[in-house]
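Have a look at the structure below before the remarks.
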Amino acid sequence: MSEISRKNILVLGGSRGIGAAIVRRFASEGAKVAFTYFGSEAAARTLGQQSGAEIVKADSADRAAQTEAIAARGPLDILIINAGMGIVGDPLSLEPDAVDRLFDVNLRAPYHAAVEGARHMNADGRIIVIGSVHGDRIPFPGLSAYSLTKSGLQGMVRGLARDFGDRRITVNAIQPGPTDSDMNPADGPMAKAMHSFMAIKRHAHPEEIAELVAYVASPHAAMITGSMLTIDGGFGA
Ligand code: NDP
């Protein structure tokens, strides 16, 4: 039995991309895994069947639905806050409602999820939020709203690490660079430009991000807290 196999794990936003790789990574070790989804019912069902993970429909932007999903699955050992969306464009043209939705999903929801997760978490628990290297570096125009959300997570991580440290709950952000997913396909129109900023000139595979998540979730990482762990092929170097 691995250390992870005895854990109760909830992944918020697990139906596709990086979240799905995280679900698979934990499920492959026999852990009790549940994940939320909102728009991708078919993908969620398929992943649930393949991995044995429980699927839960809950819009992260709906605080009551998210709170219920978390509370009903406690006591948790590990909470992964992955659900996120991207909006790129001229801030003078972006729809304010779309920007508010971005803030709801990428910033408001992670804060409430982390707090609710801690409320229903065992000692020595783990809260991991998926940030972005764009929390540190914005080499293109059109990313200010998205980057605001990922920079905001950094303050949350630092603060909550101190709030929950007495219970030995660690709070960290993992900050991917370009990673192959529906949100940012490796063969997308911006791929070449992104690779030009990188030391390792390719998109990461979602499984590479999941591997770092698994390490930070493990007992070996008990002294890592309040940290931003960047995995970006040198994008931000
Ligand atoms: P995808 O668009 O491929 O997947 C997003 C996932 O989040 C889906 O499972 C989606 O579920 C879920 N999700 C989105 N909105 C909601 C919502 N309102 N409620 C519940 N679930 C939701 O994105 P990625 O896998 O690429 O991104 C995952 C995270 O990684 C995000 O936080 C993103 O910002 C971050 N990131 C990604 C990078 C990249 O290059 N790909 C780089 C840096 C960070 P469903 O479809 O069922 O709604």
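Residue numbers run from 1 in the order of the sequence given. In each ligand, atom 1 is the first atom listed, and ligand 1 is the first ligand listed. Quick caveat, the model's predicted, so the values are computed rather than measured.
- Nearest-residue assignment for atom 40 (O) of ligand 1 (options T230, T179, V105, L153; heavy-atom criterion): T179.
- H203 approaches A191 most closely through the heavy-atom pair CE1-CB, 3.9 Å.
- Nearest to atom 20 (C) of ligand 1 by heavy-atom distance, out of A58, G13, G17, is A58.
- Taking distance alone, with nitrogen or oxygen atoms compared against 3.5 Å, K150 approaches ligand 1 more closely than that limit.
- Listed by chain and residue number, nothing satisfies the salt bridge (Lys or Arg N to Asp or Glu O under 4.0 Å) test with R158 (two or more places apart in sequence, or in another chain).
- Within the 4.0 Å heavy-atom shell around ligand 1 one does not find A109.
- Checked by distance only, ligand 1 and F38 come closer than 3.5 Å through their nitrogen or oxygen atoms.
- For D104, the side-chain hydrogen bond (donor to acceptor under 3.5 Å, both in side chains) partners at least two apart in sequence or on another chain are R108.
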| said: Applying ring pair (Phe, Tyr, Trp, His ring centres under 6.0 Å) to H195 and F235, what does each step give before you reach the verdict? | reply: CA-CA 8 Å; H195 298 168; F235 187 98; 9.6 Å; no
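- Of all the listed residues (P110, G177, P178, A186), G177 holds the heavy atom that lies closest to atom 42 (C) of ligand 1.
- Checked by distance only, ligand 1 and I18 come closer than 3.5 Å through their nitrogen or oxygen atoms.
- When heavy-atom distances to ligand 1 are checked against a 4.0 Å cut-off, R101 comes that close only through its side chain, counted from C-beta outward.
- Contacts with ligand 1 closer than 4.0 Å are made by no heavy atom of P206, backbone or side chain.
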